[in-house]
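Following: one structure in structure tokens, then a few remarks.
To find a chain, count down the sequence lines: A is the first, B the second, and so on, and within it residues start at 1. These numbers come from a predicted model, not from an experiment.
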Amino acid sequence: MGPIVQNLGLSTEINFLIAFLLGIGFGFVLEQAGFSSSRRLAGMFYGYDTTVLKVFFTAAIVAMAGLFFMNYLEMINLNQVYVHDAAIWAAAIGGIIMGGGFIMGGFCPGTSVSAAAIGKVDAIFFLGGLLLGIFVFGFFAPMFSGIISPEEGSYWFVDSHKKISDALGVSDSIFALLLIVMAVCMFVFGEWLEKKFARPDITKEI
Amino acid sequence: MSKPLRILAVIVILAGISIAFLPERNNVVQLDAEEIMFEMKTESNMESVDNLAKMLIEKDPTLLIIDVRTAEEFAEFSLPGSMNIPLEQILNPDWKDLLEDFAGVYHKVFVSNGTSKASEAWMICRRQGFKNNYVLKGGLNEWFNLVIHPEKPKSTEDTKAMADYQRRLGFQQFFTGGKASVGSIDNSAVPTINIKKKKGPSGGCG
Amino acid sequence: MLEKKKWKYMNPYFAGTLLGLVLLASFYFAGQGLGASGAGKKVVVTSVIAVAPGYAENSDFYKDFAASEHSPMYDWLVFQVLGVLLGGFLSGALAGRLTWKVERSPKISRRKRLIFAVIGGMLFGFGAQLAKGCTSGAALSGMATLALSGFVAMVGIFGTAFMLSFLFKKLWV
């Protein structure tokens with residue numbers, strides 16, 4: 001039963017090898033999908049290319065559905081799977097800052113790595129900025145510790161559930177269905193956008 | 001939207017609906033939660049120091065004392081015949097057979113300095129449905145208070161307190177044997193298995 | 001003159017399905033999702049410890065790493081991101097897309113594009129430290145595991161980018 005590394009007690013080195021192989025798959029698919037092009041990534045926000053929306057949400061629902069089926073087939077123990085657990089305010093503020101970075105830089109960290117790999121100079125500069133941003137954060141880290149790990153009762157503390165389904169009070173599987181329906185609606189919307197805001201001059205170039 | 005995409009959308013939504021109707025494996029754990037709460041409230045998962053001492057003296061073959069403190073702490077002092085599984089390794093598959101104890105042979109008692117680490121270990125095992133697990137009530141601190149340095153009850157206390165005290169003096173005699181060393185008496189029979197520390201699910205980015 | 005044949009990009013739904021399967025494999029094998037920004041942090045930490053060990057020992061942000069016996073680069077995400085680099089390169093090589101290029105709208109200069117790339121990177125790096133992850137680690141992996149904070153980060157990233165998009169239209173269109 002998965003996660004394999006924990007449950008078979010594989011060594012750290014093998015775990016890292018698995019990480020490397022998964023990374024190759026990740027980078028390959030990102031590049032094949034066209035995520036190595038910043039104008040294609042930014043296209044989602046202007047409607048001329050909604051690839052990001054399609055790839056991102058397809059990946060999310062495929063992985064999510066896969067986890068459900070694997071759990072049903074007792075192939076994976078979901079209690080051992082890491083569930084992202086940032087504090088809500090920290091995730092919101094961080095997300096807003098990253099959104100600004102996205103529209104100005106045209107990449108997100110993962111896509112910039114795969115773009116840098118094929119020689120996109122803007123991606124290399126983006127990566128440099130990324131490291132610089134993390135370094136700058138290092139100076140301010142103590143200031144933000146109250147937001148990142150708020151103590152109970154503090155202003156930034158939100159007593160909420162870890163999972164969105166619990167927070168909304170529905171079961172995981174019902175939420176999964178909702179998310180899938182939502183994703184399909186977004187795909188339809190994306191196809192429509194691409195027709196309406198088509199910019200063949202740009203899409204041909206990238 | 002083109003025809004293949006429409007067909008795809010239908011398939012995806014059908015998959016979503018089937019997810020919504022999949023029986024959730026996690027529910028089993030959730031039902032258990034109430035049972036676990038009940039056992040914790042009624043303290044039916046607790047083993048008293050007196051009982052443990054008695055079992056040790058009688059050399060009860062089913063007794064298995066599992067010390068969940070760190071290896072260093074364990075080396076400093078441990079109960080006779082106890083084995084060391086540091087808390088962070090409790091999920092290690094090497095111990096699964098032992099902790100699960102499918103045949104129900106052992107009476108397993110988790111031991112830590114207080115009760116918090118032991119209770120955590122108990123909880124982890126209980127959630128996986130493992131049975132016959134107990135927590136040493138009051139932990140090693142209580143062991144020291146009651147067995148190594150029993151306190152003589154005041155004359156005003158009832159006869160039961162006095163009888164307890166007498167019995168504990170007997171325990172003290174047995175476990176310290178008048179020797180200066182209070183440390184472990186016989187650990188040679190316990191197999192020491194060296195295993196690597198495994199990293200559990202940890203942060204994605206961060 | 002023969003035009004150099006370029007591969008088309010993969011169909012986005014097919015690519016998304018593949019990406020989802022890679023993510024699923026990551027959960028199945030390693031019990032955690034994919035990420036990227038975490039590796040960046042490890043690079044920064046390693047450099048700071050090498051350049052200014054005294055500062056690193058006293059800083060909240062670095063001291064845990066400075067005290068650890070392993071190098072901060074001895075990390076799951078670092079190896080994963082090295083894989084991304086190789087995977088991206090392989091794909092680009094196969095598709096004939098390996099060229100040095102600054103991709104930009106014809107309306108802006110190269111310099112302007114690169115300056116904005118650095119600013120964007122800085123904001124992303126900063127924000128990812130707050131949200132414990134970037135688009136991959138927080139939003140994508142978080143969504144697949146139905147993590148509340150993953151959805152919050154996702155809405156934050158895409159919502160803000162969309163709301164600010166009119167300001168930076170010249171950069172892209």
- prompt: Which residue out of A:Gly110, A:Ser114, A:Ala86 racks up the most heavy-atom pairs below 4.5 Å with chain C?
  reply: A:Ala86
query: Nearest heavy-atom pair of C:Trp76 and A:Leu22: which atoms, and what distance?
result: CZ2-CD1, 3.9 Å
salt_bridge(C:Arg97, A:Glu31) N-O dist < 4.0 Å: yes
statement: If one checks every heavy atom of C:Leu171 against chain A at 4.5 Å, the contacting part turns out to be side chain
task: Would you mind checking which part of A:Ala60 comes under 4.5 Å of any heavy atom in chain C, side chain (CB onward), backbone (N, CA, C, O), both or neither?
output: both
- line: Value for SG (C:Cys134) from CE (A:Met98), rounded to nearest 0.5 Å, stands at 7.0 Å
- prompt: Between C:Ser105 and chain A, which part of the residue has a heavy atom less than 4.5 Å away: side chain, backbone, both or neither?
  reply: both
field: Residue part contacting chain C, namely of A:Ala90, when any heavy atom lies under 4.5 Å
entry: both
- prompt: Looking at C:Phe158, C:Trp100, C:Phe89, which one has more heavy-atom pairs under 4.5 Å with chain A than the rest?
  reply: C:Phe158
message: At a 4.5 Å cut-off on heavy atoms, which part of A:Ser37 comes close to chain C: side chain, backbone, both, or neither?
response: both
- prompt: Which bit of C:Val43 is near chain A, if near means a heavy-atom gap under 4.5 Å: side chain, backbone, both or neither?
  reply: side chain
query: chain A: which of C:Gly121, C:Gly156, C:Gly159 shares the most heavy-atom pairs with it under 4.5 Å?
result: C:Gly121
message: As an exercise: rank C:Phe162, C:Tyr62, C:Phe29, C:Phe14 by heavy-atom pairs under 4.5 Å with chain A and give me the winner.
response: C:Phe29
- prompt: Counting N and O atoms only, with roles assigned by atom type, does the side chain of A:Tyr46 sit under 3.5 Å from a partner on the main chain of C:Phe166, one being a donor and the other an acceptor?
  reply: no
message: Is C:Leu98 in contact with chain A via its backbone, its side chain, both, or neither, using a 4.5 Å heavy-atom distance?
response: both
message: Are A:Phe137 and C:Phe126, when compared by the centres of their aromatic rings, separated by less than 6.0 Å?
response: yes
message: If we define contacts as heavy-atom pairs under 4.5 Å, which of A:Gly138, A:Ala123, A:Ala42 has the most with chain C?
response: A:Gly138
- request: Count the heavy-atom pairs under 4.5 Å between each of A:Met75, A:Met44, A:Lys54, A:Lys162 and chain C, then report the option with the highest count.
  value: A:Lys54
query: What option among C:Leu146, C:Leu164, C:Leu140, C:Leu90 has the most heavy-atom pairs under 4.5 Å with chain A?
result: C:Leu146
- prompt: So, does A:His84 use its side chain to make a donor-acceptor pair with the main chain of C:Thr145 at under 3.5 Å?
  reply: no
- request: Indicate the atoms forming the closest heavy-atom contact of C:Ala30 with A:Val5, along with that distance.
  value: CA-CG2, 4.2 Å
- prompt: Can you say whether A:Arg199 sits under 4.5 Å from chain C via the side chain, the backbone, both, or neither, judging by heavy atoms?
  reply: side chain
message: Report which part of C:Ala139 has an atom under 4.5 Å of a heavy atom belonging to chain A: side chain, backbone, both, or neither.
response: both
task: Against chain C, label A:Leu179 side chain, backbone, both or neither, depending on which of its atoms sit under 4.5 Å from a heavy atom there.
output: side chain
statement: Answer key: most heavy-atom pairs under 4.5 Å with chain A among C:Phe116, C:Phe27, C:Tyr28 is C:Tyr28
message: Which atoms of C:Met163 are under 4.5 Å from chain A, going by heavy atoms: the side chain, the backbone, both sets, or neither?
response: neither
message: Counting only non-hydrogen atoms closer than 4.5 Å, does C:Thr17 touch chain A with its backbone (N, CA, C, O), its side chain (CB onward), both, or neither?
response: both
field: Contacting moiety of A:Lys120, where chain C heavy atoms sit under 4.5 Å
entry: both
message: Quick check: closest heavy atoms across A:Ala33 and C:Tyr9, and the distance to 0.1 Å?
response: C-CD2, 4.1 Å
task: Let me know if A:Ile76 has heavy atoms under 4.5 Å from chain C in its side chain, its backbone, both or neither.
output: side chain
query: For the ring pair A:Phe187 and C:Tyr13, is the centre-to-centre distance below 6.0 Å?
result: yes
statement: With chain C, the option among A:Ala141, A:Ser38, A:Ala92 that has the most non-hydrogen atom pairs under 4.5 Å is A:Ser38
message: Between A:Phe140 and C:Phe61 (judged by ring centroids, cut-off 6.0 Å), do the two rings come close enough to count as a pair?
response: no
message: Under a 4.5 Å cutoff for heavy-atom pairs, which residue among A:Thr111, A:Val121, A:Leu127, A:Thr50 has the most contacts with chain C?
response: A:Val121
- prompt: Can C:Arg110 and A:Asp122 be counted as an ion pair, charged N to O under 4.0 angstrom?
  reply: no
query: Does any heavy atom of chain C fall under 4.5 Å from the side chain of A:Leu17, the backbone, both, or neither of them?
result: neither
field: Residue C:Val173 versus chain A: region with a heavy atom under 4.5 Å
entry: both
message: I need the residue from A:Val62, A:Ile18, A:Ile103 with the largest number of non-hydrogen atom pairs under 4.5 Å to chain C.
response: A:Ile103
query: In terms of heavy-atom contacts, does CZ of A:Phe125 have more than 12 from other residues, nucleotides or ligands at under 6.0 Å?
result: no
field: Selection from C:Gly16, C:Ala15, C:Ser47 maximising heavy-atom pairs under 4.5 Å formed with chain A
entry: C:Gly16
message: Please classify the contact of A:Tyr48 with chain C as side chain, backbone, both or neither, using a heavy-atom distance under 4.5 Å.
response: side chain
message: Using heavy-atom distances under 4.5 Å, tell me whether A:Phe135 contacts chain C through its side chain, its backbone, both, or neither.
response: both
query: If you draw a 6.0 Å radius around OH in C:Tyr55, do more than 12 non-hydrogen atoms from other residues or ligands fall strictly inside?
result: yes
